[in-house]
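Note that the coordinates shown come from a computational prediction; the quantities given were computed from them, not determined experimentally.
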Amino acid sequence: MLIVADENIPLLDSFFGDMGEIRRVNGRDLSPGEVRDADILLVRSVTRVDQRLLEGSRVRFVGTTTIGTDHVDLAWLEANGIRFSAAPGCNANSVVEYVLSVLSLYAERRGLADWSDLSVGIIGVGNVGGGLAARLDRLGFTVRLCDPPRAEREGESGPEFVSLDEALACDVVTLHTPLTREGPHATHHLIGERELSRLGAGQLLINSGRGEVVDSAALKARLQAPQAPTVVLDVWEREPRIDPELVERVWLATPHIAGYSLEGKVQGTEMIYQAVSRFLGLPVRKKAGQFLPEPALSKMSFTGAADEGRALSLALRACYDPRQDDARLRLAMAGDAEARAAAFDRLRRDYPVRRECSSLKIQLKGSSRSLQDTFRAMGFKLKI
Ligand SMILES: NC(=O)C1=CN([C@@H]2O[C@H](COP(=O)(O)OP(=O)(O)OC[C@H]3O[C@@H](n4cnc5c(N)ncnc54)[C@H](O)[C@@H]3O)[C@@H](O)[C@H]2O)C=CC1
Ligand SMILES: O=C(O)C(=O)[C@H](O)COP(=O)(O)O
């Protein structure tokens with residue numbers, strides 16, 4: 001059996017080595033010729049999986065080790081009897097930690113003594129948005145949820161949902177919808193000129209969903225107008241050919257890596273391994289946990305003298321500080337369009353190992369119960 005797989009999927013040999021031959025490919029440039037004799041195709045978000053790629057091939061199963069599925073023509077796969085599996089939720093916690101780290105930096109930039117004074121509007125309340133809401137709720141933030149598809153489906157039985165405009169009135173607006181182009185709740189350019197005109201200087205807009213959810217031409221114009229909001233972008237229209245002028249105008253710019261914790265990536269591979277095993281009728285014996293190495297930083301200790309807010313931001317940023325990714329992306333914006341696109345993909349391919357808060361044990365000596373609760377709410381393990 002031949003498995004054609006994106007070379008950027010971690011642990012291919014560990015999970016799939018005993019199932020067949022693995023052919024590693026560059027997912028961005030994958031051609032029909034490279035998949036023609038494959039039985040199984042494993043991709044990431046950068047491969048467009050459609051009729052053009054697969055017609056006439058032997059492929060019977062496609063797996064994407066990602067949450068998003070906007071790069072896959074699901075209807076064509078179904079019509080052609082090709083089984084498909086994604087990895088819902090695999091890196092949701094990584095994105096949640098990305099947003100929390102951005103929030104801690106933003107509170108500092110605003111000079112806020114207590115970051116939970118910020119109200120947060122979450123647009124798209126699924127695995128990522130829902131996980132973020134739960135975390136923020138435990139941390140004492142005011143959270144507004146906007147998810148019309150869920151509101152329609154769940155009615156009175158669901159949580160309280162607000163309109164898009166109500167969510168846009170929060171101090172922080174963070175986008176976690178999939179990219180969809182059809183239907184009553186299509187998200188393509190969901191945030192356009194009208195929505196951007198509602199955001200002002202005291203507000204922060206974060207997009208770590210998909211670039212095309214925001215109209216970037218309208219965003220560029222809004223960022224040049226008076227009273228512009230602060231903007232953080234992890235995802236961009238037309239990746240990897242992103243707009244260097246937009247990079248210049250946003251506060252933090254990262255190369256689509258919000259979901260790139262090692263845990264998130266390995267869980268993505270694990271979920272697709274499980275799906276392939278089910279498809280082939282093989283037992284599921286391997287687990288992501290057995291392949292996660294010891295983290296480089298495993299313990300942090302705070303004494304009773306530690307300032308609570310500072311202790312939290314230190315621990316959070318020890319795990320992940322988006323300013324490093326921002327600096328790398330800005331450096332990569334030199335050169336012509338081809339060089340910039342190649343650099344964008346290189347930053348993603350050579351991404352340094354990043355571990356989630358759960359990999360770090362926090363020792364709190366003589367600390368208050370409330371600080372312990374806060375660290376737990378963030379997902380850290382406590383050693384008291
Ligand atoms: N930057 C990154 O590295 C990553 C980005 N993502 C992106 O985040 C997206 C969301 O991920 P999950 O939460 O796991 O997906 P999910 O499918 O669990 O949740 C998405 C939610 O968005 C809602 N939604 C759909 N249309 C909407 C609209 N017009 N307005 C408001 N809400 C709407 C859905 O009802 C659903 O509850 C993914 O589809 C992917 O595109 C995911 C992982 C990593
Ligand atoms: O899971 C998703 O959805 C994502 O956006 C991934 O984090 C994107 O990673 P790549 O598949 O583009 O490496």
Side-chain angles (χ1 to χ4, degrees), residues 1-25 27 30 34-35 37-47 49 53-54 57-78 80-97 126-128 130-131 134 178 257-295 349 351 353-359 379 381:
M1 187 177 55
L2 177 62
I3 302 174
V4 169
D6 186 313
E7 63 197 354
N8 291 339
I9 297 175
L11 297 172
L12 279 171
D13 287 330
S14 307
F15 277 109
F16 300 99
D18 49 9
M19 288 184 184
E21 182 195 342
I22 300 173
R23 180 188 294 159
R24 286 173 170 71
V25 290
L30 192 57
E34 287 172 291
V35 296
D37 52 345
D39 301 285
I40 289 180
L41 172 63
L42 306 181
V43 296
R44 302 194 61 88
S45 79
V46 297
T47 302
V49 181
L53 184 69
L54 293 184
S57 79
R58 240 173 49 192
V59 171
R60 284 290 147 254
F61 180 99
V62 173
T64 182
T65 61
T66 60
I67 292 181
T69 57
D70 51 283
H71 54 296
V72 181
D73 186 340
L74 299 173
W76 189 84
L77 292 190
E78 200 184 336
N80 286 275
I82 299 175
R83 283 269 284 280
F84 172 73
S85 192
C90 65
N91 54 31
N93 191 55
S94 176
V95 182
V96 169
E97 292 188 2
N127 283 315
V128 177
I257 47 62
Y260 266 23
S261 70
L262 186 61
E263 286 85 346
K265 280 187 167 180
V266 173
Q267 277 156 201
T269 314
E270 178 191 38
M271 289 173 82
I272 294 307
Y273 155 75
Q274 290 167 348
V276 173
S277 301
R278 280 193 301 274
F279 176 69
L280 297 175
L282 297 172
V284 174
R285 292 217 174 88
K286 301 166 191 173
K287 290 216 154 300
Q290 75 192 80
F291 301 116
L292 282 173
E294 210 186 347
R349 188 196 63 203
Y351 196 66
V353 173
R354 166 173 139 211
R355 300 301 297 266
E356 296 188 2
C357 294
S358 60
S359 72
K381 293 218 170 69

Assess whether atom CD of Glu78 is packed by more than 12 heavy atoms of other residues, nucleotides or ligands within 6.0 Å.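 Incorrect, the count does not exceed 12.
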
If you count heavy atoms of other groups shown closer than 6.0 angstrom to CD of Gln290, is the number above 12?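 Correct, the count exceeds 12.
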
Check the pair Lys286 / Asp18 against salt bridge (charged side-chain N to carboxylate O under 4.0 Å, His left out), numbers first and verdict last. CA-CA 12 Å; Lys286 301 166 191 173; Asp18 49 9; 3.2 Å; yes

Check the pair Cys90 / Thr66 against side chain to side chain contact (heavy atoms under 4.5 Å, CB included), numbers first and verdict last. CA-CA 7 Å; Cys90 65; Thr66 60; 5.8 Å; no

Find out whether [X] and [Y] are in side-chain contact, i.e. whether some heavy atom of one side chain is under 4.5 Å from a heavy atom of the other.
X: Leu292; Y: Glu263; answer: yes
X: Val46; Y: Asp6; answer: yes
X: Arg355; Y: Pro293; answer: yes
X: Leu282; Y: Met19; answer: yes
X: Ile67; Y: Val95; answer: no
X: Thr64; Y: Ser45; answer: no
X: Gln267; Y: Asn93; answer: no

Kindly compute the distance separating [atom1] ([X]) from [atom2] ([Y]), expressed to the nearest 0.5 Å.
X: Ile272; Y: Leu12; atom1: CD1; atom2: CG; result: 11.5 Å
X: Thr65; Y: Ile9; atom1: OG1; atom2: CD1; result: 4.0 Å
X: Asp73; Y: Leu54; atom1: CG; atom2: CG; result: 9.5 Å
X: Leu42; Y: Phe61; atom1: CG; atom2: CZ; result: 7.5 Å

Could you walk me through whether Thr269 and Phe291 pass the side chain to side chain contact (heavy atoms under 4.5 Å, CB included) check? CA-CA 11 Å; Thr269 314; Phe291 301 116; over 6 Å; no

Taking Val284's backbone N and O only, do any of them form a donor-acceptor pair with Ser277's side chain (distance below 3.5 Å, no angle check)?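 No.
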
N/O donor-acceptor pair under 3.5 Å between Asn80 side chain and Ile82 backbone: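 No; zero donor-acceptor contacts below 3.5 Å.
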
For Arg83, which residues count as a salt bridge (charged side-chain N to carboxylate O under 4.0 Å, His left out) partner, sequence neighbours excluded?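 With neighbours one apart ignored, the set is empty.
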
Chi angles and distances behind the side chain to side chain contact (heavy atoms under 4.5 Å, CB included) call for Lys265, Asn8: CA-CA 10 Å; Lys265 280 187 167 180; Asn8 291 339; over 6 Å; no

Please enumerate all residues that pass side chain to side chain contact (heavy atoms under 4.5 Å, CB included) together with Val72, with sequence neighbours excluded.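 Scan of Val72 (side chain to side chain contact (heavy atoms under 4.5 Å, CB included), adjacent residues dropped) gives Val49, Leu74, Leu77, Phe84.
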
Under 3.5 Å, is there a donor-acceptor pair between the Ser94 and Arg354 side chains?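 Their side chains do contain a donor-acceptor pair, which is all the 3.5 Å distance test asks for.
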
Among Arg58, Arg60, Arg23, which residue satisfies the salt bridge (Lys or Arg N to Asp or Glu O under 4.0 Å) criterion with Asp39?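 It is Arg58, the one option of Arg58, Arg60, Arg23 that forms the salt bridge (Lys or Arg N to Asp or Glu O under 4.0 Å) with Asp39.
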
How are the rings of Tyr351 and Tyr260 set to each other: parallel, tilted or perpendicular (split at 30° and 60°)?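 Because their plane-to-plane angle is over 60°, the rings of Tyr351 and Tyr260 count as perpendicular.
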
Kindly assign one of parallel, tilted or perpendicular to the pair Phe15 and Tyr273, based on the angle between their ring planes and the thresholds 30° and 60°.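 The arrangement is tilted - the two ring planes meet at 30° to 60°.
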
What's the shortest heavy-atom distance between Leu30 and Leu53, and which atoms?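 Here Leu30 and Leu53 meet closest at O-CD1, 3.8 Å.
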
Which heavy atom of Pro88 sits nearest to which heavy atom of Asn127, and what is that distance?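 Heavy atoms only, the tightest pair is C-ND2, 4.1 Å.
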
Please walk me through it: do Ser261 and Glu97 pass side chain to side chain contact (heavy atoms under 4.5 Å, CB included)? CA-CA 9 Å; Ser261 70; Glu97 292 188 2; over 6 Å; no

In terms of side-chain geometry, is the basic nitrogen of Arg24 or Asp13 positioned less than 4.0 Å from the acidic oxygen of its partner?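 Yes, this pair counts.
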
